[in-house]
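In the text below, chain A, chain B and the rest are named by the order of the sequence lines, each starting its count at 1. Heavy atoms only: backbone and side chains are in, while hydrogens, waters and symmetry mates are out. Because the structure is predicted, anything quoted here is derived from the model rather than measured.
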Amino acid sequence: MSDLILFWHRRDLRTSDNTGLIAAKEQTRKVVGIFCLDPNILESDDIAPVRVTYMIGCLQALQKSYVEAGSQLLILHGNPTQVIPQMAAALTAKGVFWNWDVEPYSQKRDTVIVDALKEKGIEFLDRNWDQILNVPDEIRTGTGSQYTVYSPFWKNWSTKPKAKPVPKLEDISGLTAAEMQIAQANGAIALPSAKDLGFIWDGDLVIEPGEVAALERLEEFAATGINSYQEDRNFPAVDGTSRLSAALKFGVIGIRTVWQATLEAMENSRSDETTAAIRTWQQEIAWREFYQHAMYNFPELAEGAFRETFKNFPWESNDEYYQAWCEGRTGYPIVDAAMRQMNELGWMHNRCRMIVASFFTKDLLLDPRLGEKYFMQKLIDGDLSANNGGWQWSASSGMDPKPVRIFNPASQAQKFDAEGEYIRQWVPELRSVDTGDLLTGNITPLERDALGYPQPIVDHKIQQRIFKDKYQQRKGVISS
DNA sequence: ACCCACTTGAT
DNA sequence: TCAAGTGGG
């Protein structure tokens with residue numbers, strides 16, 4: 001057995017502030033990175049070309065980081081439960097280390113791999129949490145149960161100590177030429193492009209791939225945007241959010257580094273207003289954490305509604321509605337603007353994610369799981385815990401005691417896109433429409449036809465009534 | 001068992 | 001001004 005430890009990257013595509021990676025480095029100088037292109041994920045229908053494109057870019061950057069540190073990043077393509085232990089055995093590695101994840105698929109897969117490594121006498125890092133600031137077992141209610149509501153979770157979580165970032169990986173050694181040949185003989189390949197894998201994304205990316213770009217983005221946001229976040233985040237036409245979601249999904253940036261940046265911003269804050277704004281952004285980090293804990297504690301969330309009333313809810317089945325929503329031609333300007341933004345950028349402003357999700361479930365009365373899936377197929381930051389959490393929040397089916405949450409598209413547009421700037425950007429055929437009418441959607445059938453803009457596919461008022469009736473009916477069934 | 005509090009709500 | 005249900009202490 002050699003002194004080699006393979007560090008398996010999954011959603012931690014970075015060499016700085018990576019706790020599992022540093023744990024490997026503490027045991028040996030010979031640390032080699034490994035990444036597995038997993039067909040179970042890449043060939044699923046929850047995949048987005050833009051996300052794969054970003055991920056491949058991040059892997060390219062990660063390869064460079066490994067070379068700079070004195071080692072290599074190996075790329076594998078296959079089922080991890082087979083190829084990871086196989087590679088470890090072929091290279092007679094003494095260990096395979098990685099960071100633990102909350103997703104049900106990930107945990108199931110990792111358990112199989114742990115067993116395979118144990119059998120071969122290869123060391124592993126047991127359940128090392130890296131992508132969250134506090135481990136799920138640490139955050140419990142007074143009676144020891146798991147939180148299902150955000151507010152009390154936040155109260156508890158925000159008082160718990162948070163670890164500082166760990167150092168960047170440096171000064172390691174990699175495989176010899178002979179060992180590299182063994183690796184290649186056992187499936188190590190050159191990093192393919194997204195196109196090679198069958199994913200075409202011709203558009204730009206809302207964030208440049210790689211660790212350097214993510215850290216720069218964080219630094220910039222923590223110095224500027226975070227101080228007006230509380231206000232600016234509400235307006236989709238304003239660049240008021242961090243746009244770090246994709247970097248956080250793939251762990252291109254460490255969460256301790258992110259938290260540290262908020263603490264430093266806090267120290268530099270000179271007004272109650274900026275302090276509150278920074279606090280608000282910290283709460284968003286806590287939402288991410290909350291949903292990850294929730295996914296870990298209640299893996300059934302991944303399958304569907306958490307709340308009894310919404311299990312077997314009589315959602316409608318209407319492909320015409322679904323297609324219109326996907327393509328941004330519902331006839332509701334703010335909804336269509338948002339959907340077109342996502343289709344084109346692979347990213348949607350969070351305010352709009354709530355608007356279109358509410359519209360999907362409460363107006364089109366479609367099963368939230370379909371909308372959740374479409375988001376996964378389009379978003380650069382698509383992440384099971386966050387996306388599922390957001391959709392269940394909008395559908396009222398999840399972790400929040402507020403069943404009748406219905407957004408009115410018109411009032412949302414009036415409040416958050418008062419000048420119609422966002423709508424006009426993404427729905428250019430409506431540019432000439434008077435702002436007031438643009439926001440309310442008060443555009444005559446004749447004018448819609450003339451402009452080439454669709455008629456409203458449903459009536460918000462009527463659909464709202466139908467939803468409430470269905471909900472009451474469902475509640476009756478449950479309680480009887 | 002009581003009561004407080006509740007991301008981004010609507011009219 | 002109303003809401004509306006319930007988790008959590």
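- Side-chain to base pairing of A:Trp287 with B:dT7: one donor and one acceptor N or O lie within less than 3.5 Å of each other.
- At a threshold of 4.0 angstrom between heavy atoms, the contacts of A:Glu231 with the nucleic acid are absent.
- Considering only the side chain of A:Ser151, B:dC6 comes nearest among B:dC6, B:dG9, C:dG8.
- One interatomic measurement links the two molecules: CG of A:Asp400 to P of B:dT8, which rounds to 8 Å at whole-angstrom precision.
- Across all strands, A:Ser411 comes closer than 4.0 Å only to sugar-phosphate atoms, never to a base (heavy-atom distances).
- Using modelled atom types and a 3.5 Å distance limit, the side chains of A:Asp101 and A:Gln131 yield a donor-acceptor pair.
- Contact annotation for A:Lys415: backbone-only contact, meaning every heavy-atom pair under 4.0 Å involves sugar-phosphate atoms and none involves a base.
- Looking at A:Trp98 and A:Asp110, their side chains do bring a donor and an acceptor atom within 3.5 Å of each other.
- The listed nucleotides are B:dT11, B:dT8, C:dG8; the one nearest the side chain of A:Gln464 is B:dT11.
- The base of B:dT7 does not come close enough to the side chain of A:Gln283 for any donor and acceptor atom to sit less than 3.5 Å apart.
- Rounded to whole angstrom, the span from the NZ atom of A:Lys155 across to the C1' atom of B:dC6 amounts to 8 Å.
- At a cut-off of 3.5 Å, with distance as the only test, a side-chain donor of A:Ser396 or A:Lys362 sits close to an acceptor on the other residue.
- Side-chain atoms of A:Tyr374 and A:Asn343 include a donor-acceptor pair closer than 3.5 Å.
- For A:Phe407, counting side-chain heavy atoms from C-beta on, the closest listed nucleotide (B:dG9, C:dG5, C:dG7) is B:dG9.
- Residue-level contact check: A:Phe290 touches neither bases nor backbone, having no heavy atom under 4.0 Å from any strand.
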